[in-house]
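Reviewing the structure listed below.
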Number of protein chains: 2
Amino acid sequence: MFEQFKDKFPLDNNTWDTYVSYFKRLEVPARTVLLNEGETSKKLFIIEKGCIRVWFNNNGKDITTQFFFENNMVASIESFRKSTPSQVTIETIEPCVVWWIFKKDLDSILEAIKSTPRLRDLFINGIFERTFEYMKHFISFIKDTPQQRYLNLIKEKPQIILRVPQHYIASYLGVTTVHLSRLKSKLAKEK
Amino acid sequence: MFEQFKDKFPLDNNTWDTYVSYFKRLEVPARTVLLNEGETSKKLFIIEKGCIRVWFNNNGKDITTQFFFENNMVASIESFRKSTPSQVTIETIEPCVVWWIFKKDLDSILEAIKSTPRLRDLFINGIFERTFEYMKHFISFIKDTPQQRYLNLIKEKPQIILRVPQHYIASYLGVTTVHLSRLKSKLAKEK
DNA sequence: CCGGTGCAATAACATTTGTTATCAAATTGG
DNA sequence: CCAATTTGATAACAAATGTTATTGCACCGG
């Protein structure tokens with residue numbers, strides 16, 4: 001699982017093995033909650049196999065904000081960083097194999113690598129990239145219609161269309177399931 | 001202008017003065033463009049007086065995504081960090097007094113302070129907070145109606161309502177000027 | 001003081017999107 | 001293999017939001 005990342009980190013074998021040893025493997029069925037809304041996030045997950053969604057409850061309806069697939073890191077990022085109650089639930093969609101690490105262990109690793117300029121900058125860059133991703137997704141919500149967002153999704157993240165049930169996608173796009181169904185049939189006719 | 005920030009930074013007077021000396025003062029009228037969409041951002045601004053909006057062109061209509069006021073830092077953040085063409089325009093709304101610094105100078109300051117753990121962590125924390133702000137704004141776009149977003153804005157950022165022309169606010173809320181007008185008159189009647 | 005321009009309100013109408021209900025197909029668990 | 005549940009499509013109607021056009025007001029620069 002971790003070998004593929006190894007060459008990105010300028011660490012000697014011993015240090016690397018120590019870091020990796022903090023991670024634990026976990027196998028769970030579909031629809032398993034890994035973190036509940038309101039709980040404080042203490043674990044970061046990396047997906048070996050399967051997919052996961054992040055969602056929150058809005059007046060009884062759940063709204064999915066993100067999807068994650070193989071090799072993605074998943075956490076309720078604000079809750080994890082600040083140790084505050086999570087605004088969101090993290091739940092598997094498919095049966096999953098994940099690796100997880102305790103926040104306290106990750107914190108100590110991060111603190112250690114921050115003194116290595118190259119790793120520190122890799123870390124900072126990672127946060128920036130995450131922000132930019134968010135900004136991009138946000139802007140598409142302002143400028144595009146739901147139909148356009150759906151077309152973008154097909155083009156840019158086809159694995160979401162292929163692997164995720166449609167009602168999760170609907171809330172991710174900001175529309176009802178009924179409306180997404182309508183859009184699909186309209187687009188099919190136009191072809 | 002900078003005295004108010006000084007005690008937050010554990011720097012000796014000399015270092016502080018050197019850093020501050022990189023900033024230049026600029027006075028501009030309302031509706032002045034500080035960065036054009038498509039240009040690469042080379043300057044970061046800090047507002048001493050006035051307000052600024054960030055917007056982009058979407059099929060001939062401009063969409064405002066952010067407002068900034070006194071003491072805020074403003075830049076096209078992705079363009080500034082990556083030296084890529086900016087997706088947005090930065091423009092004054094009121095006559096403004098701003099201080100600005102060249103990217104290369106700021107980069108050298110940042111590189112220097114990153115070796116001071118306390119400043120480095122302050123910096124990292126700043127990026128996280130920026131991301132969390134974005135996430136919050138984004139989530140309100142998914143879960144709230146335009147009317148609710150308008151009410152939130154009145155409560156949480158009243159200076160935007162007071163100082164910014166309404167048609168900029170409309171696009172910030174994701175509605176047309178006509179619809180915002182309608183919402184206002186509806187809310188006035190309900191009282 | 002005049003004329004242009006920017007800004008906001010309003011009306012009438014069009015379009016998009018949500019709501020509720022029903023049905024059928026697919027999937028899952030026993 | 002069957003029953004229950006999940007998922008997706010569709011229709012009919014309601015509500016929200018966009019479009020276009022008109023009007024009036026305020027402000028600014030000659």
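Quick note on labels: first sequence line is chain A, next is B, and so on, each numbered from 1. Quick caveat, the model's predicted, so the values are computed rather than measured.
- By the 6.0 Å contact criterion, CZ on B/R118 is open, its count of non-hydrogen atoms from other residues, nucleotides or ligands being 12 or less.
- Within 4.0 Å of B/H167, counting heavy atoms only, lie sugar-phosphate atoms of the nucleic acid but no base atom.
- Protein atom CD1 of B/I142 is 16 Å distant from nucleotide atom P of C/dT17, rounded to whole Å.
- For B/H179, taking side-chain heavy atoms from C-beta onward, the closest of the listed nucleotides C/dT10, D/dG18, C/dT19 is D/dG18.
- Listed pair A/K186 / C/dT17 fails the phosphate criterion, with no side-chain N or O lying under 4.0 Å from OP1 or OP2.
- OP1 and OP2 of C/dA8 both lie 4.0 Å or more from every side-chain N or O belonging to B/S181.
- Note: CZ (A/R149) to C1' (C/dT16) measures 12 Å, nearest angstrom.
- Within the 4.0 angstrom heavy-atom criterion, no nucleotide atom of any strand lies near A/T177.
- Here the P atom of nucleotide D/dT17 and the CZ atom of B/F141 are 12 Å apart, to the nearest Å.
- Between A/Y134 and B/F138, the ring planes lie perpendicular to each other; the angle is over 60°, past the 30° to 60° tilted range.
- Note that the CZ atom of A/F23 and the CG atom of A/L44 stand 6.5 Å from one another [nearest 0.5 Å].
- Contact between the side-chain N/O atoms of B/K189 and the OP1/OP2 oxygens of C/dT10 is not found at any separation under 4.0 Å.
- With distances taken from any side-chain atom of B/P165 to the nucleotides C/dT17, D/dT7, C/dC7, the minimum falls on C/dC7.
- Here C/dG18 is the nucleotide among C/dG18, D/dG18, D/dA11 with the atom lying nearest to any side-chain atom of A/V175.
- One interatomic measurement links the two molecules: CD1 of B/I161 to P of C/dA8, which rounds to 11 Å at whole-angstrom precision.
- A straight line from CG of B/L173 to P of D/dA16 spans 17 Å, rounded to a whole angstrom.
- The list of side chain to side chain donor-acceptor pair (under 3.5 Å) pairs with a residue in residues 153-166 of chain A, not counting sequence neighbours, reads A/E70-A/R163, A/E94-A/R163, A/Q166-A/K184.
- Rounded to whole angstrom, the span from the CZ atom of B/R53 across to the P atom of C/dG6 amounts to 13 Å.
- Note: B/Q66 CD to B/I160 CD1 = 10.0 Å, rounded to the nearest 0.5 Å.
- For A/R182 against D/dG8, no side-chain N or O and base N or O form a donor-acceptor pair under 3.5 Å.
- In this model, the phosphate group of D/dA9 is approached by a side-chain N or O of A/Q166 to a distance below 4.0 Å at OP1 or OP2.
- Ring pair A/H137/A/Y172: centre-to-centre distance below 6.0 Å.
- For B/K184, a side-chain nitrogen or oxygen approaches OP1 or OP2 of C/dA9 to under 4.0 Å.
- Spacing between atom CD of A/E94 and atom P of C/dT27 amounts to 13 Å, rounded to whole angstrom units.
- The 5' end of DNA chain C is approached more closely, in terms of each residue's nearest nucleotide, by B/Y168 than by the other of B/Y168 and A/V178.
- When the P atom of D/dT19 is taken as reference, atom CG of B/L180 falls 15 Å away, rounded to whole Å.
- For a distance-only test at 3.5 Å, the side chain of B/R31 fails to qualify as a donor-acceptor partner of the base of C/dG6.
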